[in-house]
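Reading through the structure tokens given below for one structure.
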Amino acid sequence: MPGSGLILGIESSCDETAAAIVERGSRTVSSVVASQIATHARYGGVVPELASREHLRAIVPVVRAALAEAHITLADLDAIAVTSGPGLAGALLVGITYAKALAFANHLPLIAVNHLEGHIHAVLLNERETEAAPGADAAHEKSVTLRDDSALALVVSGGHTHLYLARPAQGSWNYTLVGRTVDDAAGEAFDKVAKLLGLGYPGGPWIDALAKFGNPNAVPFSFAQIKTKAHLGGKPARTKAAKTAPIARLDPHFLFSFSGIKTAVLRYVELHGLRAEAKARVSRVLNSFRPPQSREEACALCPQPTLDLIASFQHAVIGDLMKKTFAAAQSLGTRQILVTGGVAANRELRERFTREAAARSVRISFPTLALSTDNAAMIAAAAWPRLLARDFAPPELSADPSLALS
Ligand code: KG4
Ligand code: ZN
């Protein structure tokens, strides 16, 4: 049985170097995230080689800062947890190698965590922290919690748009893949559309901030229903996402595709003569990493047709995520939905999912904004059931860029 219950989590799967200390999977003692946004912004996307180099620079100070913020030393820990995949191979290796060395030198067990399971545990960690908060009333404590029943989890980020049925099983969780994207992830579509409109990286926060100043019904984007066999022409998909999970056995109603809307936005930009002004925006945006905060700032940056295009794009993507997620929940008879990952930080997404869930009497949960995007608290939280089950990583643990969750 663990002593202190303290786990150091380390996350380096993409462009954030993060470390956190979480107690018994239910209390964040410290959480430090070093973002590489400034490094990748000028390229409009993550450059894997630069990401590995930045992780190498940041990993030691970030872990030290997490320990210092928690006022503990390595001797106080019960285990070290690290993301082993999916993600960028070189980036993952930095975290894994450092975690292995720390665990070996300090005689601590090492726990390998799937990044996607981490995102799901971000919501569970939040729920436990809310329950334990001083103001939480007795009624709330007695109410049914997310942990008591199965839940449909939409993990929607820059690398994934996956639907899992998560079921509690003897203190741990089982996951069944229900649906996923056949090409781009939703966050990737936000990033690519932002890039072609001359906005900053990552694109999600820019689109989110600008969409509220546009008309969401100005451009009628539509999503065709995906037919598995027709879409693939009978062959396995060759995308990165496809490697992590086969799609042939999934219900086509729960499959997503976001590469088409990106092309539709590009066509619209060309047809409506918005290309030149998008190009002109790039240098202005590079000088300010902050998305506009007011209508004045938004209008100074983008003409109204571009704001309308942005609002329509976001509205269409969120509508598609909603339609398929609620259909899957209904088909599986699940009364709980959780939405997590970077795109779950989106304001319109939270509002519309919350409204729809209320209309259908379905329980909906999101992580806090800080826990929506990549962090290490979610990794340390996901490791807690593993520590209880003494499910430790082998000494030969290595990065698995296309690690599946099931
Ligand atoms: O979970 P995350 O930090 O990293 C991955 O695991 O991919 O997600 C990053 C993604 C990026 O594509 C970013 O544009 C998107 O999440 N994102 C958002 C928002 N904040 C971040 N997308 C829409 N609205 C937002 N507010
Ligand atoms: Zn992530």
Say whether, by atom type as modelled, one donor and one acceptor occur between the side chain of S12 and the main chain of A91 under 3.5 angstrom.
-> yes
Write out all pairs satisfying ring-ring contact (aromatic ring centres under 6.0 Å, His included) with one or both partners inside residues 49-105, taking only residues at least two apart or from two chains.
-> none
Residue pairs passing the ring-ring contact (aromatic ring centres under 6.0 Å, His included) test where at least one lies in residues 333-352, sequence neighbours excluded = none
More than 12 heavy atoms of other groups within 6.0 Å of Q170 CD = no
Is it true that K192 and E188 have a side-chain N and a carboxylate O under 4.0 angstrom from each other?
-> yes
For N174 against A169, the heavy-atom pair lying closest together | ND2-CB, 3.6 Å
May I ask you to check whether R167 and T334 show a side-chain donor-acceptor distance below 3.5 Å?
-> no
Regarding N375 and E16, is there a side-chain donor-to-acceptor distance under 3.5 Å anywhere?
-> no
Using side-chain hydrogen bond (donor to acceptor under 3.5 Å, both in side chains) as the criterion, list what pairs up with K195, not counting sequence neighbours.
-> none
Scan for ring-ring contact (aromatic ring centres under 6.0 Å, His included) pairs involving residues 9-53, sequence neighbours excluded, and state none if there are none.
-> none
Show your working on salt bridge (Lys or Arg N to Asp or Glu O under 4.0 Å) between R27 and E131 and close with a plain yes or no.
-> CA-CA 11 Å; R27 187 175 75 91; E131 279 168 25; over 6 Å; no
Residue pairs passing the side-chain hydrogen bond (donor to acceptor under 3.5 Å, both in side chains) test where at least one lies in residues 262-271, sequence neighbours excluded = D184-K262
Which pairs pass salt bridge (charged side-chain N to carboxylate O under 4.0 Å, His left out) with one or both residues in residues 310-323, sequence neighbours excluded?
-> D320-K324
Are E23 and R128 close enough for a salt bridge, meaning some N to O gap below 4.0 Å?
-> no
I21 pairs by side-chain contact (heavy atoms from CB on, under 4.5 Å) with which of L67, T28, D76, V32?
-> L67
Cut-off 3.5 Å, side chains only: do Q314 and E348 have a donor facing an acceptor?
-> yes
Please name all residues satisfying side-chain hydrogen bond (donor to acceptor under 3.5 Å, both in side chains) with D374, sequence neighbours left out, ordered by chain then number.
-> H115, H119
Tell me, please, which residues at least two apart from S361 pass side chain to side chain contact (heavy atoms under 4.5 Å, CB included).
-> R335
Residue Q330 excluded, over 12 heavy atoms near CD under 6.0 Å = no
What residues form a ring-ring contact (aromatic ring centres under 6.0 Å, His included) with F326, not counting sequence neighbours?
-> F353
Between I80 and I7, is a side chain to side chain contact (heavy atoms under 4.5 Å, CB included) present by the stated rule, with each step listed?
-> CA-CA 6 Å; I80 295 177; I7 298 180; over 6 Å; no
Does the D15 side chain pair with the main chain of V46, one donor and one acceptor, at a distance under 3.5 Å?
-> no
Salt-bridged, E356 to R352, with N to O below 4.0 Å?
-> no
Mutual orientation of the aromatic rings belonging to H160 and H162 [parallel < 30°, tilted 30-60°, perpendicular > 60°] = perpendicular
Sequence neighbours excluded, the answer for side chain to side chain contact (heavy atoms under 4.5 Å, CB included) partners of P202 is I37, D191, P205
Contacts of F190 that satisfy ring-ring contact (aromatic ring centres under 6.0 Å, His included) - sequence neighbours left out | F313
Inspect the surroundings of CZ in R64 and state if more than 12 heavy atoms from other residues, nucleotides or ligands are less than 6.0 Å away.
-> no
Quick check: does any side chain N or O of E297 sit under 3.5 Å from a backbone N or O of Q293, one acting as donor and the other as acceptor?
-> yes
Indicate whether any N or O donor in one side chain lies under 3.5 Å from an N or O acceptor in the other, for E277 and T306.
-> yes
Check: L349 and L321 side chains under 4.5 Å, non-hydrogen atoms = yes
Give every residue pair that meets the ring-ring contact (aromatic ring centres under 6.0 Å, His included) criterion with at least one member in residues 385-406, sequence neighbours excluded.
-> none
